Number of protein chains: 2
Amino acid sequence: MSSDGARRRDVTVADVAKAAQVSKAQAARALGNYGAVSEDVRERVLAAAEELDYRPNELARSMNTGKSHTIGVVVGDIENPHFGLATRGITDTAKKSGFNVILVNTDENTAAEVDAVRVLLDKRVDGLIVAPASSVETQHLRRVHDSGRPLVLLDRSAEGLEVETVAVDMAAISYESTRYLLQTGHRRIAFISTLRTDAAYTAGMRLDSSQISDRLDGMRRAFADMGCAFPEDLVRLNAGGADSIRNLTRDVLQGNDAATAVVASDGLIALSVVEAIQELGLAIPADVSFLMYDDFAWTRLTTPPLTVIAQPVYDMGVAAASALIRQIEGRPPAAAAPEFSATLVRRGSVGVVPASSGESVEVPAL
Amino acid sequence: MSSDGARRRDVTVADVAKAAQVSKAQAARALGNYGAVSEDVRERVLAAAEELDYRPNELARSMNTGKSHTIGVVVGDIENPHFGLATRGITDTAKKSGFNVILVNTDENTAAEVDAVRVLLDKRVDGLIVAPASSVETQHLRRVHDSGRPLVLLDRSAEGLEVETVAVDMAAISYESTRYLLQTGHRRIAFISTLRTDAAYTAGMRLDSSQISDRLDGMRRAFADMGCAFPEDLVRLNAGGADSIRNLTRDVLQGNDAATAVVASDGLIALSVVEAIQELGLAIPADVSFLMYDDFAWTRLTTPPLTVIAQPVYDMGVAAASALIRQIEGRPPAAAAPEFSATLVRRGSVGVVPASSGESVEVPAL
DNA sequence: GTGAAAGCGCTAACAT
DNA sequence: ATGTTAGCGCTTTCAC
């Protein structure tokens, strides 16, 4: 057991130096592993450090070197498995290069994001990975970039900001999957997202999220290619909590011209949407077809298993961290920036349009 | 737009002081909001700071004050929604009190945990929340505690370490739910966990995880109370990846004296177990009953919905962070430490034992 | 190879 | 209320 139990003051290089009978500078060099140190001195210093249980003060070290070996990660919601997985990719990669991660949750709130970025900058992180809540309000990100601190965007891009962005081609996969729904006969396709907007949704409105507008663009293009009009009336944004999502789902699924297929914008929404469908007593895919973004393991367990759009989330986290660390270390960009693409995984939740719905609405027998 | 674009050196108090025509000390006081400063000086300093776009260097600040306003969080797997939720509770609470969170993932590996703790200490975090990978190998945690740095344990306790621990009473809920299974007629109950052990599982062996041994203890007690022998032969540890879990599941479900009920130790395992059961062509709960730890939203979506053991994970995260921050700020413990308990949520995955199985094994007609 | 001394940006005594 | 002077623990000239 060590002699003196709980000591107050930490032991410093000065202490080690004294114990090893060398100058503070030499001790620091030996401990910090830089400069020129004779084998003899190094051994004595290391022994003394061991003996005293010396631990470097990384704060002091960071102050001199200007590098904190820490990166800031700002996400909308760590509770969402999507970000959980991405974060895992980031932390795994960071650790491999000796970086730590400070994680901040913004709740998809831009004000919180602005604050988070400021705080992380004040803490002198070496770089930042941000999944921006808004693709439009991006002055704070621009300032990061202008200040010369490396920045990598995840999932969503920021308008007019030329920074490395790791994201999948949403318009493409949205086009592909919508086309699939169209070919299966669907024309009344609803889209439900949590994206918060100031005004109510209208056809051409400019959206805060590149991700969502790309998806809508993809859908519109698919409809246009089929010579059909995109059902703007079935787009539902501002899906808040579970109750709100359930209401919106009921909303698009009822009435004369109800949706025959529903697309859920992420895994969290999907849960409530499917629940609402079940509560309505509708069967998937017999009565209504269902498609969702993100391929979580549980989507294989439902009856029927769910058709999903799979994104390489973990790999994207890895890529974001790699790119950031590369920038931090001043290395040149890789020859080709890796392109990420989502894939449509057809399982069992998309079926043909039920006879009673569709183009022609028949008046009930009654 | 600001005048000089990307500057090299950061602006410091000295710069602000000069601009505001006051001493460095006065500027620092005004900026740091401490000491006595006249209204006049304060205004000039703040104006100058604004003008120069001054940002405090939190590293320097931390070095003097000794407080970094940062807490370290060490978990086994952030990808597991269980920890995702807990982390959310922690970060939400931390932010409210002005603390940041450095997150480290250990992959349930003790060596990584030891390292993580050391690094965080070196970074001078104000306190630590750890979900220990092992309840036995805890010297590194003891050293944290001895060094006087606040420490709170999450989910699992550490042998002989008297630190605040936020966890549910696992033995109790395990007893309760096992009793439920027994009353439903089950005697062959399998338990599957990812817990890694050095040696193969044997009846009385000492387990590394307080969580798992508590669960097994609860099960044994429930069996004893019913006057039955606990089927030690159906305990499966070291369930690694999805394939491994599937194999173990098949294993306990086949043969003469197969399990009639399976308990999955966490949400991640549960996914693979259910998949394996489905692949085996067995129906839940007609052929085999199923019970799992953690109440994730998706467990309501399967057919049938799954019977689960719900833990107040978010609240536990909140409690852990609150307790830690209280310790950091030197406030006394709350009158009564909050007790957390899990609850058995009976949905549809537990049913009566199928006629062909159970106590007496009948020789097939053949 | 080694040591003395000067910072890093800030807070904290200590005077005035 | 204000300014001067020391540090915090480390890295980094710059001499020797």
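So that the names make sense, note that chain A is the first sequence line, chain B the second, and so on, each numbered from 1. Since the model is a prediction, treat every value here as computed from it, not as a measurement.
- Donor-acceptor pairing under 3.5 Å is lacking for the side chains of A/K123 and B/S62.
- Applying the salt bridge (Lys or Arg N to Asp or Glu O under 4.0 Å) test to every pair with at least one member in residues 128-141 of chain B, sequence neighbours left out, gives no pairs at all.
- Neither side chain, B/N100 nor B/T70, offers a donor N or O lying under 3.5 Å from an acceptor on the other.
- Rounding to whole angstrom units, CZ of residue B/R42 and C1' of D/dT2 are separated by 14 Å.
- When only modelled atom types and interatomic distance are considered, A/Q26 and A/R29 share a side-chain donor-acceptor pair under 3.5 Å.
- Between B/S38 and D/dA1, a side-chain N or O to OP1/OP2 separation shorter than 4.0 Å is absent.
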5' to 3', nucleotides 8-16 of chain D under a 4.0 Å protein heavy-atom cut-off (B base, S sugar-phosphate only, - none) gives BBBBBB---
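- Applying the salt bridge (Lys or Arg N to Asp or Glu O under 4.0 Å) test to B/D40 and every residue at least two apart in sequence or in another chain returns B/R44.
- Considering all non-hydrogen atoms of both residues, A/A19 and A/L52 come closest at CB-CD1, 4.0 Å.
- Between the CG atom of B/D15 and the C1' atom of C/dC8 there is a distance of 13 Å, rounded to whole Å.
- Pairs engaging residues 68-93 of chain A under the salt bridge (Lys or Arg N to Asp or Glu O under 4.0 Å) rule: A/D77-B/R88, A/E79-B/R88, A/R88-A/D92, A/R88-B/D77, A/R88-B/E79, A/R88-B/D107 [sequence neighbours left out].
- Partners of B/S157 under the side chain to side chain donor-acceptor pair (under 3.5 Å) rule, at least two apart in sequence or in another chain, are B/S210.
- B/Q26 has no side-chain polar atom (N or O) that falls below the 4.0 Å cut-off from OP1 or OP2 of D/dG3.
- Comparing the local axis fitted to the first five base pairs of the helix from C/dG1-D/dC16 to C/dT16-D/dA1 with the one fitted to its last five gives a bend of 40°, rounded to 10°.
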